[in-house]
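Notes to accompany the following structure.
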Protein chains: 4
Amino acid sequence: MNKKSAIVLIACPDQKGIVNTVTGFIAKHNGNIIDLEQHVDQHEKMFFMRLEWDISDFKLAQEDIQNSFSSEVAIQFNMQWSLHFSEQPLCMAIFVSKYSHCLFDILSRHQAKEWGFNIPLVISNHKDLETAVTQTGIDFQYIPISRENKTEAEAQQIQLLKKHNIDVIVLARYMQILSEDFIKKFEHKIINIHHSFLPAFPGAKPYHSAYERGVKIIGATSHYVTADLDQGPIIAQDVEPIRHTDTIEDLVRKGQDIEKIVLSKAIWSHINFKTLVYKNRTIVFE
Amino acid sequence: MNKKSAIVLIACPDQKGIVNTVTGFIAKHNGNIIDLEQHVDQHEKMFFMRLEWDISDFKLAQEDIQNSFSSEVAIQFNMQWSLHFSEQPLCMAIFVSKYSHCLFDILSRHQAKEWGFNIPLVISNHKDLETAVTQTGIDFQYIPISRENKTEAEAQQIQLLKKHNIDVIVLARYMQILSEDFIKKFEHKIINIHHSFLPAFPGAKPYHSAYERGVKIIGATSHYVTADLDQGPIIAQDVEPIRHTDTIEDLVRKGQDIEKIVLSKAIWSHINFKTLVYKNRTIVFE
Amino acid sequence: MNKKSAIVLIACPDQKGIVNTVTGFIAKHNGNIIDLEQHVDQHEKMFFMRLEWDISDFKLAQEDIQNSFSSEVAIQFNMQWSLHFSEQPLCMAIFVSKYSHCLFDILSRHQAKEWGFNIPLVISNHKDLETAVTQTGIDFQYIPISRENKTEAEAQQIQLLKKHNIDVIVLARYMQILSEDFIKKFEHKIINIHHSFLPAFPGAKPYHSAYERGVKIIGATSHYVTADLDQGPIIAQDVEPIRHTDTIEDLVRKGQDIEKIVLSKAIWSHINFKTLVYKNRTIVFE
Amino acid sequence: MNKKSAIVLIACPDQKGIVNTVTGFIAKHNGNIIDLEQHVDQHEKMFFMRLEWDISDFKLAQEDIQNSFSSEVAIQFNMQWSLHFSEQPLCMAIFVSKYSHCLFDILSRHQAKEWGFNIPLVISNHKDLETAVTQTGIDFQYIPISRENKTEAEAQQIQLLKKHNIDVIVLARYMQILSEDFIKKFEHKIINIHHSFLPAFPGAKPYHSAYERGVKIIGATSHYVTADLDQGPIIAQDVEPIRHTDTIEDLVRKGQDIEKIVLSKAIWSHINFKTLVYKNRTIVFE
């Protein structure tokens, strides 16, 4: 992995000359393109791009790129865009209830330094996973949730998230529904894993529903959380064939393996700045 | 493939001694088990079985098996069961509209003698595929469907199906909805292909819906037709990953490959007497 | 599909400014980029690109693009490149022996106008599939092959290929090995389907070998033919899980479905100018 | 899961009456079949069976089943067979080097009580994973391996395995080759994970080989260890599509997810007594 690179994520109305202008900016300031992926949505007439370039010999100082790109490139194309640096890893909080498989999978990758991000904080409405978390040196905060205390609980959560400068929240089978207010504060920054191939079987107990319906394939879906439950933009999905011989317990067992892998794939895309959201759909660069 | 074999498909309340009694019947009359697959649904307390045995040295005459098995085995366990012989291939009719991919796939297998069944009849509400069908020597019947003539059209279809002694009807992207009356006459004998991974995207234009929802996987589902549209027992499903780069046209193109393979898998299971239906779910033996 | 578009496929040593220069060429002559995919092989320091642009308002005449791109862009970056036009579909010949599944799949797509290409010619060393081919109006040439007549047979084949201006040859389970001389004449223009997930089980009878080895997954591989048998650059692969219950006949049956789909995917990529070969590996654009 | 059940695994030459006799034994002693799966290898004329039955009302005492089944059933059919009880979970040792992903996945499942087995012992030739293991309360033994000390090291390992009554050894990316003597002592009791879809890319650095060959699919294979390196009977395999855009580092990253899931599936089958080995092939019951 290149340690010193910059990444721009761009969305704007499609028109002639965008790629030429963006790459002209890089060339002019002596950048070296590491990765360029662009996508034109012909139906929406929208242009999307992810560009990563080596900034070791870049003539612009790191702190000047934002302003220069804005005035030299972004304004003329009416771009919605963001700038990121590979050496500034994101800061992640994990929300969890009692299921451990997704949490443990993320912690394992963290411990193996498989991913470049920080996890300073795990929040749970149960104490079951406290020891497993604190053992790894991560702060575990127990915040029980009830119908009565939800507003206060979320206020407490937000305070903790701010304190730790959290960039992205992962709901690792967190069995609570976040309020609209909470979600608005972290638009496209909350990643959930749902245990079905959405839009099939939204809501509670999808494995039971899958069993009842007699499907021959089960799946899992990772998506950004929006105010509509299980309706947010999908980042990653995967499936596994099943048979009539599989009980609901088998579906749960097989499904948990899909869940943890799909969630981790979605997180990987997000923390490497490979995702864009447009009209409830994602662009996921490779 | 063994040319001279018998197959029983059994469903009954689970109790002790079923397998022992069934296999005792085979042993007593000197049959040789080729394939035995059983499944107990612990939740429903139901027993399901498919047993195939070589009848070349069987002591019972082929025409006596039905009665003997009934009195010696089936009655005591209150079995719903059916008897089939490998040398009596099923007779299939195909209903089609304008899309050719599923029809051509079936005809190709038929021409290659990949499958042991007869196709005496193709019925369509359009003439587009007439030449392709008649070239293969199969009877092509053009029966246009409108809101007004639906009852008469179905009567005409049923007459043709009877004339050709049709055992199974395949809707190979037939874009018409059959009446409840029609469906009742062929319970669990009409196989449909739906171009989504049901229960996601039932009804019309599933690829458009899949695109709109931004799923990362598309699929196809083959199921027995029941009175509830796209709600019948699922026989086979398969999926294919897609990306944001795929247009609706790409989804259609990729999806058609899944459709034809999934439909053919479902047909293969059905014509080899490997399917049972219980409470809107299928048991599909291998 | 855009009817009037041009496509360039580019391979050259990586250096700064390539994308900017190529897109500058398009912008300067008033082209509108439809699709741009680039790939940098960091290990080989090589740059690869596929660019498709709308030429309906392009200021250069279609017949001048080759020279202009060459002098304005290609020479300075030492590019190996090729230019294609979407309105000039490729001309394909199919070589076949006795197995029909791949041939029928291709003919079905051809008949359904799923693909934009011409098939004027099918060559076979057996007569089994003659009727099926001639029925569709395609020229069927029977050229038997023996150890003795191979050179003459290939000469005859080449003459036919030239007569029909064939751009790409598809070996649709053609059970003969082409000579080195033949292959040289059509470098990266002969597409084969091999019935295993290469490099496992090259050579004859891969399903038997797969069965013997007890693998839990079978597959198929489509690749460009080179002088080394089954060693050419891979274009597409797919697999299917199997179990101990599957006999060799089951593997053949399941495998044939994979073969025909994988071969068709490879053909689709090739005829849409989405493949590049570098050092026995393919770049397959989406 | 049924706590009080017995399982027999049977392999014998195929002949008439086996299923009838085995199920007769269960019926006679008042057992209730929970699960029955049988397989006849027509080519080898061999019969294989897994039968699980509820022993809560079984008329035979648990300690008498071995002798009774042997004299009443096994001898007459010349069976190779084994008897297991669901309430006696297997005892597993894990061998590991430096890679943590497979180990952590197993430990996570262990901690979540996803599986019914004990892990008293982890052996490693490196100290890297010591803390992670001892944190979970499992004995970690550091036994460095060199060309010189291999015999002594293995003797030390075997002593530890005996002390802990180990039934099954899992090589969780253990980068050492075990001696033939060691392997003989644990025939079909050592499970390895190899990071390719065998038989493709055996030996060292399979991801590098996969990259060089330009495959479009990578995979992982879990198999029983035999004296022939990477040639043992395959228990489970899975794959993942890749593209030309994937670097070797991407292959390693994506591959590790397959490795850990495939290894865990193989372990699950083994510890639930769902595997049989015959002539270097496995029967894996569902």
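All chains are named by letter (A, B, ...) in the order of the sequence lines, taking the proteins before the strands, and each is independently numbered beginning at 1.
Between chain D and the options C:Q231, C:Q42, C:K279, the largest number of non-hydrogen pairs under 4.5 Å is found for C:Q231. Ranked by heavy-atom pairs under 4.5 Å with chain D, the first of C:I234, C:T282, C:V215, C:T247 is C:I234. Highest contact tally toward chain C, considering only D:G219, D:G232, D:S196, D:S209, is held by D:G232 [criterion: heavy-atom pairs under 4.5 Å].
Between D:H244 and C:F48, a ring centre-to-centre spacing not shorter than 6.0 Å is recorded.
At a threshold of 4.0 Å, the pair C:E286-D:R243 counts as salt-bridged, since one of the basic side-chain nitrogens sits closer than that to a carboxylate oxygen.
Atom CZ of D:F285 is separated from atom OG1 of C:T245 by 10.5 Å, given to the nearest 0.5 angstrom. Note: C:I218 CD1 to D:Q237 CD = 11.5 Å, rounded to the nearest 0.5 Å.
C:R281 places a side-chain N or O within donor-acceptor distance of the main-chain N or O of D:Y211, the cut-off being under 3.5 Å.
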C:I248/D:H43 under side chain to side chain contact (heavy atoms under 4.5 Å, CB included): CA gap, chis, key distance, verdict: CA-CA 10 Å; C:I248 291 177; D:H43 185 64; over 6 Å; no
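Exactly one residue among D:L198, D:V239, D:I217 makes a side chain to side chain contact (heavy atoms under 4.5 Å, CB included) with C:I217. That residue is D:V239.
No part of C:Q38 comes within reach of chain D, as not one of its non-hydrogen atoms sits under 4.5 angstrom from that chain. Only the backbone of C:I235 comes within contact range of chain D, judged by heavy atoms closer than 4.5 Å. For D:A210, no part lies near chain C; criterion is any non-hydrogen pair under 4.5 Å.
Contact record, D:R213 with C:D230: NH2-O, 3.4 Å, taken as the closest heavy-atom pair.
Open room surrounds NZ on D:K189; 12 or fewer heavy atoms of other groups in view lie less than 6.0 Å from it. At most 12 heavy atoms of other shown residues, nucleotides or ligands fall within 6.0 angstrom of atom OH in C:Y99. In the displayed structure, D:E44 atom CD is contacted under 6.0 Å by more than 12 heavy atoms of other residues, nucleotides or ligands.
Checked by atom type, the side-chain pair C:T221/D:K216 shows no donor-acceptor distance below 3.5 Å.
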